[in-house]
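A short worksheet on the structure shown next.
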Amino acid sequence: MKKSILAVLSILLTMLAVLSSCASGAVAAGWAGVTVHNGNIYTVSGSGQLNIISVGAGDILIREGVVPIREASNAGFLGCGGGEASIAVYGTPAVLGNMVYFAGYNGKIYVYDLTTQQLSSAVLDEKNNKTIVGGPIVSNGRVYIASSNGNIYSLHADTLAQDWKFSTKAKIWSTPVLSNGVLFFGSFDKKVYAVDAVTGQEKWSKQIGGAMMATPLVSGGVVYAVSLDRNIYAFDEVTGEQKWRYPANNQNDKKPKEWFWATPVLFDGFLYAPCMDGNVYAVDIANPSRVVVFDLDSSISSSPVVSNGKVVVVTERGRVYTLNATGGNNGTRRMEVDLRVSDSQPSLLVNSQLYAENGIVYIHSLHPDKIYAVNADNGAFKSFALESVSGNTGQAVPTVTVLVPTTITVLVPTTITVPATETK
Amino acid sequence: MSDIIGQVWNLIILQPMTNVMIALSHFLGNNFGLSIIGLTLLINLVTYPLTLRQMKSSKAMMDLQPKIAELQRKYAKDPNMLRQEQMRLYRESGVNPAGCLIPMLLPMPIWIALYQTIRGVMAITPESFLGLSGQLYNWTAVFAAIPLNTQFLWLNLGTPDYLLAIFVGLSMWLQQKMIAQKAATPQAAQQTQMMQVMMPIMFGFFSLSVPSGLALYWVINAVIRIVIQYFFSGWGGLSTLPKTLMLWWPLSENSFWRKPPARQGNRR
């Protein structure tokens, strides 16, 4: 009996330890996107390091610098998790001149000076410090960034001093987008906002059915917003008046099964909205009742990009597709490359924002922590491991230049063309 | 293999719990705290027969303590014989010594699933929130309710809370004290006393590392168990609380606190 009690106590302890903060997955790891500026690639690795990679002749990737982002952390139960922790970054870094801006999950905004190679940081809101999930955008000497405290901030790019802040009723995880002097973003309070970028005054806000994680897309005087309520909305950019919604009230049977998490892309009259249910919904913006549905293999939580006149989508499992809603009768999809298989990885996870430039699509995979540069025309790719270096809290490590020996080029001959389904 | 276990876990435990809790929250005015309380009541209602069996088993064990003490005295120098005689006694009395252990282990999967649910629906980390998408049933109410309101009373249900951790420790201590069995030997008494103190302290500490939504479940669960136990066997070990504690009780001397209900004897 005593032994049984001891056994129960042991099991209890083990179970509770699993529940405690030491358990894997309880910790935010980040999924920073990729940005390319003046031939350099910027991203933050899963181990919390700003990686600067240049694209050399022949598209060879060269590591230019690695900057660790760390801070002292509180010890959890039984001392677990104490010491120095790397900072998770979810948004995509933004570059303005010689400055690289990115935001940490610890509520700090970081600035890396490419000239002096110094990293500095500031708490976004000392009085109400909460996590930051979205990325910053920079324009006209200002940095715009949203926080889980429900506010969106305008900061002076040179000093990070606050210019104005605008409050919503719930946390904001979406990165804002700037168009014609107006910031557009979504909030957990189930609203889409349009806020004057100079004054911080609300232009309009519209209630939708669910929270919004994705950056809205603004094009041709229309704001396209996707939501966790599984709808795609189109609002007038100036008035906020709703133009249409997919699925419409009479199309509830066509409702996607899971969330719209990532920003859609507009190409050739179609809005390509990736969904967590593994489909991409291509909506004809002139006739929103016409939708081409592309069934891909797994969830999609990264935004598509347009590269060389093609819509490129990457699934969470690392399959790269090109889609064309106007091709053929019902559109066509082509799998250009399966990165997991071609790069011989046991698993692969892509959640981050993609970036396309000069016909190359840059993808940050989290497991393994790598950058893939994919030629969407033929599926050829190079991979580049984001390595870790040790460093002290908040200090930049001197720039290191390493010629990368680990780039791989694999030509994938097995592209397929599969007709998608169309709904009207 | 681990993938299959994960899928089965999600299908049978995590998904139903997540969706029921979100739907409950939706119908309770987007109040996830009430949803946790509702789930705790529901679980206790479903497991009531098991709880009752566990209580009966514990009670039978308690009743056997004098006989076990007698055996321990008799076979103090022969542990093998003692074990055999104890087993015979259990068998003849229809008591299964492990009978109270299974109901003790049963809540653990519920804790883990509740922890995973809270992490997802409260959007504690982007990773856990993103993973929630695939767990949701195709119910409009569920999609409309996400993300849930994290506030309940003074609590942010997604983060640990010191005051609630104290309530967890206190409620568990009361529960342990109430069900404490009369030990056959001084060593066993010491061990029981240690359990009474260690368990609440342990849970109190863990409450500082987990979302307060889970701690809320522990508190409500302990309160429900105290109520059930009271109707089953009265105040039990709580009736022996020191006099100083009794003075705090507003009904004082004439309170039923001091006098276990008369029906206690009839329920044996």
Side-chain angles (χ1 to χ4, degrees), chain A residues 1-2 4-9 11-23 25-31 76-78 80-81 88 90 105 131 133 148 170-171 173 188 190 209-211 213 227-231 252 255-261 275-278 299 301 316 351 366, chain B residues 3 61 68 86 90 97-102 104-105 107-109 111-112 114-116 118-119 123-138 140 142-150 160 181 184 187-188 191-192 194-195 198-199 202-203 205-211 214:
Chain A
M1 185 65 181
K2 285 175 198 168
S4 305
I5 290 172
L6 283 175
V8 170
L9 265 177
I11 295 168
L12 264 174
L13 266 170
T14 312
M15 290 287 188
L16 290 170
V18 170
L19 291 178
S20 81
S21 56
C22 301
V27 180
W31 54 58
F77 183 68
L78 299 175
C80 169
Y90 291 91
Y105 195 63
T131 60
V133 176
S148 294
K171 56 177 97 172
W173 280 8
F188 269 56
K190 303 175 184 177
M213 305 292 123
S227 165
L228 301 194
D229 67 359
R230 301 175 289 167
N231 288 319
N252 277 336
K255 201 132 191 152
K257 291 188 185 72
E258 293 187 33
W259 294 340
F260 284 113
W261 183 275
C275 183
M276 296 288 295
D277 66 6
S299 288
S301 51
E316 282 191 345
N351 296 127
L366 304 172
Chain B
D3 274 359
M61 282 290 289
I68 289 172
Q86 275 182 339
Y90 290 143
C100 55
L101 294 181
I102 293 165
M104 276 176 80
L105 295 173
M108 289 178 192
W111 298 344
I112 293 172
L114 185 60
Y115 176 68
Q116 289 177 326
I118 291 169
R119 276 183 50 222
I124 290 172
T125 63
E127 284 88 346
S128 61
F129 191 51
L130 183 65
L132 182 67
S133 180
Q135 309 290 346
L136 302 179
Y137 292 158
N138 194 13
T140 306
V142 165
F143 279 88
I146 293 285
L148 301 179
N149 180 11
T150 56
Q181 295 180 2
Q187 289 89 345
Q191 207 166 38
T192 308
M194 196 185 75
M195 274 278 284
M198 281 306 290
M199 285 276 281
M202 213 167 74
F203 273 82
F205 264 111
F206 276 112
S207 300
L208 298 174
S209 299
V210 297
L214 184 57

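Below, read A as the first sequence line, B as the second, and so on, with proteins coming before strands; counting in each chain starts at 1. Note that the structure is predicted; figures quoted are calculated from it, not measured.
- Between the CD atom of Glu258(A) and the CZ atom of Phe143(B) there is a distance of 6.5 Å, given to the nearest 0.5 Å.
- Nearest heavy atoms, Pro126(B) versus Val133(A): CG-CG2, 3.8 Å.
- The choice from Pro160(B), Ala144(B), Gly131(B) that makes the most heavy-atom pairs within less than 4.5 Å of chain A is Ala144(B).
- Counting heavy-atom pairs closer than 4.5 Å to chain A, the top-ranked of the candidates Ile146(B), Leu130(B), Leu132(B) is Leu130(B).
- Using a 4.5 Å cut-off between heavy atoms, Lys190(A) touches chain B through its side chain atoms alone.
- When each of Asp277(A), Asn351(A), Asp229(A), Leu228(A) is checked for heavy-atom pairs under 4.5 Å with chain B, Leu228(A) comes out on top.
- Remark: Lys257(A) NZ is loosely packed, at most 12 non-hydrogen atoms of other residues, nucleotides or ligands lying under 6.0 Å away.
- To the nearest 0.5 Å, atom CZ of residue Arg230(A) and atom CG of residue Leu136(B) are 8.5 Å apart.
- Taking the six-membered ring where the residue is Trp, Trp261(A) and Phe129(B) present tilted rings, their angle falling between 30° and 60°.
- Both the backbone and the side chain of Ala123(B) come within less than 4.5 Å of a heavy atom in chain A.
- Neither the backbone nor the side chain of Leu208(B) comes within less than 4.5 Å of any heavy atom of chain A.
- In this structure, chain B has heavy atoms under 4.5 Å from both the backbone and the side chain of Ala29(A).
- Both the backbone and the side chain of Phe188(A) come within contact range of chain B, each with at least one heavy atom under 4.5 Å from a heavy atom of that chain.
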